[in-house]
Amino acid sequence: MASDGIGSAIAEVLKETEEEKKLKMLILAQLDQTLDDWTGSGLEINSNDYSLTQSQRNHVQNVGKEHGCHTCGTRVDKDKNQPWIGDHIPPWELSDKVRKDAGVYGDKTYLFPQCDECAHSQSFYVKMLNAGIETWGAMVKSDKPLIVGGWKASPEKNCVETNAKKVSAAQGIFIQGVGEKKGCHSCGSKYPAKVYISDHIVPQEFCTSYMPQVFKALGIPYPDTFELRPQCPKCSGFQGGKMKEIMTLAVSYAKRKGITVYK
């Protein structure tokens, strides 16, 4: 029994060592995302700047247009290999009254590929229509596809029926395929992205009360400068998946080390 206890203790030490190695490697990778030959420069911010100003967003877009994504170098307005948005037609948040006025698909909802510029415009119109500030009859004809679907939209073609607000992985893959062939259903653009993500360097998830202690326990110097840099949607999505894995490991590690974790 004693030897079993010693074996378990050794296993726990080895497990923690491997955990530390993996977590440290993943964190360091996120701190060093920028390409060596990226020619842009970041915009310095405070570590707690979560809500960005329009001026900050504009700065990031201008840097991105000139220098591309800091992670992969892509200029999004010239790259078809970006993720298309799975657009709900009619828009999920659209009120019943506006749906009736527009005569959209009864009680069914369909997903079409949409570019990010049209997605932003659609969000604006949905808010205006729901609030009664804009009316369906007064909407410009060229903007109506944002609500009822473009390509002379038909529920039987170039879309997938859905009953959920969140786009599933399978639906997302389908939408990418349609988008690559057909473009944005609203405006016909063959390029899905024109807007860069304002990527936080250091990632916001590292700017919590407990992460500096995690860095210290792992022997990683905690950064003293924080910046915004332009990132393409594809790299941003990949990074988001990685950060979820990192923070799951970081919280577990912090608890093992007796570090208080605040959510």
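Start at 1 with the first residue, then count along the sequence. No hydrogens, no waters, no symmetry mates; every other heavy atom, side chains included, goes into these values.
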Please verify the inter-ring angle class for Phe215 with Phe206; under 30° counts as parallel, over 60° as perpendicular, anything in between as tilted. perpendicular
Does the side-chain hydrogen bond (donor to acceptor under 3.5 Å, both in side chains) test come out yes or no for Asp77 and Tyr191, once each step is laid out? CA-CA 6 Å; Asp77 61 342; Tyr191 296 90; over 6 Å; no
Is it true that, when you exclude Gln61 itself, more than 12 heavy atoms of the residues, nucleotides or ligands shown sit nearer than 6.0 Å to its CD? yes
Chi angles and distances behind the side chain to side chain contact (heavy atoms under 4.5 Å, CB included) call for Arg256, Glu19: CA-CA 11 Å; Arg256 286 163 64 89; Glu19 179 187 35; 3.0 Å; yes
Under 3.5 Å donor-acceptor, Asp116 side chain and Lys194 backbone: yes
List the steps, then state whether side-chain hydrogen bond (donor to acceptor under 3.5 Å, both in side chains) holds for Asp79 with Gln82. CA-CA 7 Å; Asp79 181 22; Gln82 291 292 324; 2.9 Å; yes
Asn58 side chain to Gln54 backbone, donor-acceptor under 3.5 Å: yes
Measure from the side-chain N and O atoms of His88 to the backbone N and O of Lys166, and report whether any donor-acceptor pair falls under 3.5 Å. no
Checking the side chain of Lys190 only, and the main-chain atoms of Lys182 only, is there a donor and an acceptor separated by less than 3.5 Å? yes
Look at the side chain of Tyr196 and the backbone N and O of Val76, then say whether any donor-acceptor pair between them is shorter than 3.5 Å. yes
Side chains of Leu129 and Thr135: closer than 4.5 Å at any heavy-atom pair? no
N/O donor-acceptor pair under 3.5 Å between Asn62 side chain and His59 backbone: no
Taking everything shown except Lys22 itself, do over 12 heavy atoms lie less than 6.0 Å from its NZ? no
Have Thr34 and Arg229 got a donor and an acceptor in their side chains that come within less than 3.5 Å? yes
